[in-house]
Amino acid sequence: MDVGAINCLSYEDFVSVFGNVVERCPIIPAAVWSQRPFPSVAALQAAIFDFIDALPESGKEGILRCHPDLAGKELRGGTLTRESREEQGAAGLDRMDAAEVSRMASLNAQYKERFGFPFVICARASDKAAIAEQMCERLRNAHAQERSRAVEEVKKICRLRLQGLVLTDQINKL
Ligand SMILES: NC(=O)N[C@H]1NC(=O)NC1=O
């Protein structure tokens, strides 16, 4: 799909195509649809990022709370979104031994206890060993610093999901 086709979408179709570029937050594409026509796919992405940046801190934390745990019960139960399942699979999180699963569960729990939202990282840009390391490291961050770090990861995930949905020639480049 190119930017011309994107600009022709009804809001129902737009939300159906872009509804999960931010995990389980279809309100974001539903909100930015009214800014069309977008001059480029990069402009669509910028509108999504601006919407996120304009949210109060509680709204940003709300977005983080829409993310499933990494290697958590949703992965085991098969209830992840398609995008999340593919990303967690790409990082090898669906192929962990019992010790790795239990370490990840303990880090997820410590992180949630400390910050009140789940650990979020762009799994496609990482792997299971690096993710566990990052969890340990980021657990030491201050709350506000960690919230903005996690939102940056949401944007990385969004960029890759958008890329997967659009053509990547000049005008559509991100
Ligand atoms: N918790 C978390 O980071 N979840 C996500 N990361 C990612 O790349 N896809 C997700 O669903």
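Whatever order the structure lists them in is the order used to number ligands and atoms, beginning at 1.
Classified by interplanar angle (parallel below 30°, tilted 30° to 60°, perpendicular above 60°), the ring pair Phe38/Phe14 is parallel.
Ranking the protein heavy atoms by distance from atom 6 (N) of ligand 1 puts Ile121 O, 2.8 Å first. The protein non-hydrogen atom at the shortest distance from atom 9 (N) of ligand 1 is Glu87 OE1, 2.6 Å. Ranking the protein heavy atoms by distance from atom 8 (O) of ligand 1 puts Ala123 N, 2.8 Å first. Nearest non-hydrogen protein atom to atom 11 (O) of ligand 1 is Ser84 OG, 2.6 Å.
Checked by distance only, ligand 1 and Glu23 stay at 3.5 Å or farther apart across all their nitrogen or oxygen atoms. For Val120, no nitrogen or oxygen atom sits less than 3.5 Å from a nitrogen or oxygen atom of ligand 1, counting backbone and side chain alike.
Close approach to Phe119 involves these atoms of ligand 1, each under 4.0 Å from a residue heavy atom: 1 (N), 2 (C), 3 (O). Close contacts of ligand 1 with Ile157, meaning ligand atoms under 4.0 Å from a residue heavy atom, involve 6 (N), 7 (C), 8 (O).
At a threshold of 4.0 Å, the pair Arg24-Glu74 counts as salt-bridged, since one of the basic side-chain nitrogens sits closer than that to a carboxylate oxygen. With respect to the salt-bridge test (charged N to carboxylate O, under 4.0 angstrom), the residues Lys112 and Asp69 qualify. Ion pairing between Glu152 and Arg149 fails under the 4.0 Å rule for side-chain N and carboxylate O.
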Step by step, work out the salt bridge (Lys or Arg N to Asp or Glu O under 4.0 Å) result for Glu23 and Arg161. CA-CA 10 Å; Glu23 179 75 12; Arg161 289 185 181 184; 2.9 Å; yes
Checking side-chain contact (heavy atoms from CB on, under 4.5 Å) for the pair Phe117/His67: CA distance, chi angles, key distance, verdict? CA-CA 9 Å; Phe117 49 80; His67 286 71; over 6 Å; no
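The proximity of Cys122 to ligand 1, defined as any non-hydrogen pair under 4.0 Å, is limited to the backbone.
Heavy atoms of Pro118 come nearer than 4.0 angstrom to ligand 1 in no pair at all.
Listed here is the closest heavy atom pair of Arg85 and Leu80: CA-CD1, 3.9 Å.
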